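We name chains A, B, ... by the order of the sequence lines, and we start the count at 1 in each one. Scope of the values below: all heavy atoms of this structure, side chains included, with no hydrogens, waters or symmetry mates. Only a predicted model underlies this, so the values are computations on that prediction, with no experimental measurement involved.
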Amino acid sequence: MNTRYTFPRSCRLLKTDEFSSVFNFRCAKTGRFLNVYAQPNVTNASARLGIVVGKKQLRTAVARNLAKRVVRDVFRLHQHDLPNLDYIVRIIKPFTQDQSAIVRNELLLLLKKSKRCLDS
RNA sequence: GAAGCUGAUCAAGCAAUCGCUGCCUUGAGUAAUCAGGGGGGAGGAAAGUCCGGGCUCCAUAGAGCAGGAUGCCAGUUAAUGGCUGGCCGCCGUGAGGCGAGGAAUAGGGCCACAGAGACGAGUAAAUCCAUCGCAAGAUGGAUGGAUGUGAAACGCGGUAACCUCCAUCUGGAGCAAGACCAAAUAGGCAGGCGUUGAAGCUGCUCGCUGAGCCUGCGGGUAGGUUGCUUGAGCGUUUGGGUGACCAAACGCCUAGAGGAAUGAUUGCUCACGACAAAACCCGGCUUAUCGAUCAGCUUCACCU
RNA sequence: AGGGGUGUCGCCAAGUGGUAAGGCACUGGAUUUUGAUUCCAGCAUUCGUAGGUUCGAUCCCUACCACCCCUG
């Protein structure tokens, strides 16, 4: 049995209430490009992800989609190593395609940091 | 060799893994959907939306006015304000580049400053002559240029990218166009039954309240389907034309989403990768752009 | 997709082809023991950018850039 790396609907944050509850939990970690919020979730079996991309930061639809795709890809590949949390990733600064490696490392670091923040 | 001019082409490639999204197919499932396999998946500007056309709907007896656009001549095209060729003017040493380039005797307006005077007329100063006067000067006549001006000492002045005139073109809206299917709720129309009692309380009877109820139809909202990619298409060759372009033959099928799809990682190679992402479709224009290649040409320097 | 508007000093802005008003702010001076008020003076390197028409362009024309608004 090989582990699947898909990103089904059950692994996303969908409702506005879910987003605002994670924001109100106030466990945030900030990097150069990203801003990660986290909250433990009891109802779901796996980690869940929500992405916020502002129109002010990334003007065109292509840039927004690229940002979302990069974040989603990192989450997808590491979802089985992550604890049972709700994450929200917000993009603060725009980045281009050749900067995506830096962004990926930063996101992994921030995810680990937020886990430690919740444990303490 | 250096500096340029013009035209054309390309817009990193290959492999593996994990993902995204349509299409075809197989299986499971009532269905939504899920799983496997195959195959496809952004541009030269997709951009700005500046022109032109196709397509669709609405309007339309015919013609005109108004408004708008264009403006040397000829050609090309489905069409154009695009493009091509020629003439003329300007710029550049040159290859070349740029040009809304018709009419001022149809008419109106404007022409700052300077200058006597800005198109109506007319003479301020200067020179010469005559008269008067001691002189300063005054009056009359003649002169032709100078000053200043972008231009002019009156010449049928300049200006039409001021209005205008002339010639040509021009119905409007836009795929959220338009077509089809079609919940819930409200309302409409037709038929039937209803104060000789509809409907409700209520499963039945009594009782009470007291005007609607049933059936059918059509419009139409949410939503869905379609329009949606085979087209004034692309490539090669041949022929015609100075050229834009046209014709013929052969070959090819090349995104079609709907909160909006092309990414990530690893390895190798190289010019070390810019501007930038389709949304009904084409033809142009304009703008952004790391670079690379090819062809023709110009100028300068050096060598033979 | 279609349509409209704006861009002028740090801010608000006037300006109908002839060398860019005004107010606030700022700077300097005067007045005052000091400050505020008041008075005087100063402050525009391309009128968003680039071309064109014109003797001459903020103004007219064309293209572009940025921002805003409207209809669906």
> Can you tell me how far P of B:U265 sits from CG of A:Leu108, to the nearest Å?
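Those two atoms, CG and P, are 12 Å apart.
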> Syn versus anti for B:U229, judged by chi lying within 90° of 0?
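That one's syn.
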> Does the pair A:Leu34 and A:Leu110 meet the rule for a side-chain contact (heavy atoms from CB on, under 4.5 Å), with working shown?
CA-CA 8 Å; A:Leu34 306 167; A:Leu110 290 173; 4.0 Å; yes
> Name the pairing partner of B:U76, where a pair is Watson-Crick or G-U wobble with both distances under 3.5 Å, or state none.
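Its partner is B:G82 (Watson-Crick or G-U wobble, both distances under 3.5 Å).
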> Quick one: closest heavy-atom pair of A:Ala28 and A:Asn35, and the distance?
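Closest approach of A:Ala28 to A:Asn35: CB-OD1, 4.3 Å.
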> Counting only Watson-Crick or G-U wobble pairs whose two distances fall under 3.5 Å, which nucleotide matches C:C39?
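Here C:C39 is engaged in a pair, and the nucleotide opposite it is C:G29.
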> Could you measure between the two C1' atoms, the one in C:U54 and the one in B:C162, and give it in whole Å?
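One C1' to the other, the span is 12 Å.
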> Syn or anti for B:G172, with syn set at within 90° of 0?
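What B:G172 shows is an anti base, its glycosidic angle lying more than 90° from 0.
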> Check every atom of B:A261, B:G19, B:A264 against the side chain of A:Val70 and return the nucleotide holding the closest atom.
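For the A:Val70 side chain, the nearest candidate turns out to be B:A264.
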> Nearest-Å distance, CD1 (A:Ile51) to C1' (B:G263)?
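It works out to 13 Å between those atoms.
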> If I pick the C1' atom on C:A20 and the same atom on C:A13, what distance separates them, to the nearest angstrom?
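About 12 Å, rounded to a whole number of Å.
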> For B:G115, give the paired nucleotide (Watson-Crick: N1-N3 plus N6-O4 or O6-N4; G-U: N1-O2 and O6-N3; both under 3.5 Å), or none.
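The base-pairing partner of B:G115, which may sit in any strand shown, does not exist here.
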> Using atom CG of A:Asn105 as one end and atom C1' of B:U266 as the other, report the distance to the nearest whole Å.
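Whole-Å distance recorded here is 15 Å.
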> For B:A260, decide between syn and anti, treating a glycosidic angle within 90° of 0 as syn.
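Anti conformation for B:A260.
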> So what does A:Arg104 hit on the nucleic acid, given a heavy-atom distance under 4.0 Å: a base, only sugar-phosphate, or nothing?
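Since only primed, P, OP1 and OP2 atoms lie under 4.0 Å of A:Arg104, the category is sugar-phosphate.
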> Might you point out which heavy atoms bring A:Arg104 and A:Val70 nearest each other, and give the distance in Å?
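Nearest pair, atom of A:Arg104 first, then A:Val70: CG-CG1, 4.1 Å.
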> As a test of the definition: with a 90° window around 0 for syn, would you call B:G19 syn or anti?
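It is anti.
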> Using purine N1 to pyrimidine N3 plus N6-O4 or O6-N4 for Watson-Crick, or N1-O2 and O6-N3 for G-U wobble, each under 3.5 Å, what pairs with B:C88?
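Checking every strand shown, B:C88 finds its partner in B:G99, with both distances under 3.5 Å.
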> Syn or anti for B:U195, given that syn means the glycosidic angle lies within 90° of 0?
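Classified syn.
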> So if I take every side-chain heavy atom of A:Arg76 and compare against B:A260, B:C18, B:A264, which nucleotide ends up nearest?
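Closest nucleotide to the A:Arg76 side chain: B:C18.
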> A:Val36 and side chain to side chain contact (heavy atoms under 4.5 Å, CB included): which partner among A:Val71, A:Leu109, A:Leu107?
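Considering A:Val71, A:Leu109, A:Leu107, a side chain to side chain contact (heavy atoms under 4.5 Å, CB included) with A:Val36 is found only for A:Leu107.
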> Atom CG of A:Leu66 to atom C1' of B:A42: distance rounded to whole Å?
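The answer, rounded to whole Å, is 15 Å.
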> Could you please name the partner base of B:G188, counting Watson-Crick and G-U wobble pairs only when both distances are under 3.5 Å?
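Per the H-bond distance test, B:C217.
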> Looking at B:U6, which nucleotide sits across from it as a Watson-Crick or G-U wobble partner, both distances under 3.5 angstrom, or is there none?
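Its partner is B:A295.
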> Whole angstrom is fine here: how far is it from CZ in A:Arg72 over to C1' in B:A261?
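It is 11 Å, rounded to the nearest whole Å.
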> Write down the distance separating the C1' atoms in B:U230 and B:C280, rounded off to the nearest Å.
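Those two atoms are separated by 15 Å.
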> Under the ring-ring contact (aromatic ring centres under 6.0 Å, His included) test, which residues partner A:Phe25, sequence neighbours left out?
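ring-ring contact (aromatic ring centres under 6.0 Å, His included) check on A:Phe25 returns nothing, list empty.
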> A:Asn65 CG to B:U21 P: how many Å, rounded?
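It works out to 12 Å between those atoms.
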> My understanding is that only residues two or more places apart in sequence, or in another chain, count here; which of them pass side-chain hydrogen bond (donor to acceptor under 3.5 Å, both in side chains) with A:Tyr87?
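If we apply the side-chain hydrogen bond (donor to acceptor under 3.5 Å, both in side chains) test to A:Tyr87, skipping adjacent residues, there are no hits.
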> State the pairing partner of B:A173; accept Watson-Crick or G-U wobble contacts with both distances under 3.5 Å, and report none otherwise.
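Partner of B:A173: B:U56.
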> Please give the nucleotide sitting opposite C:C64 as a Watson-Crick or G-U wobble pair, both distances under 3.5 Å, or none.
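By the stated definition (distances under 3.5 Å), C:G48 pairs with C:C64.
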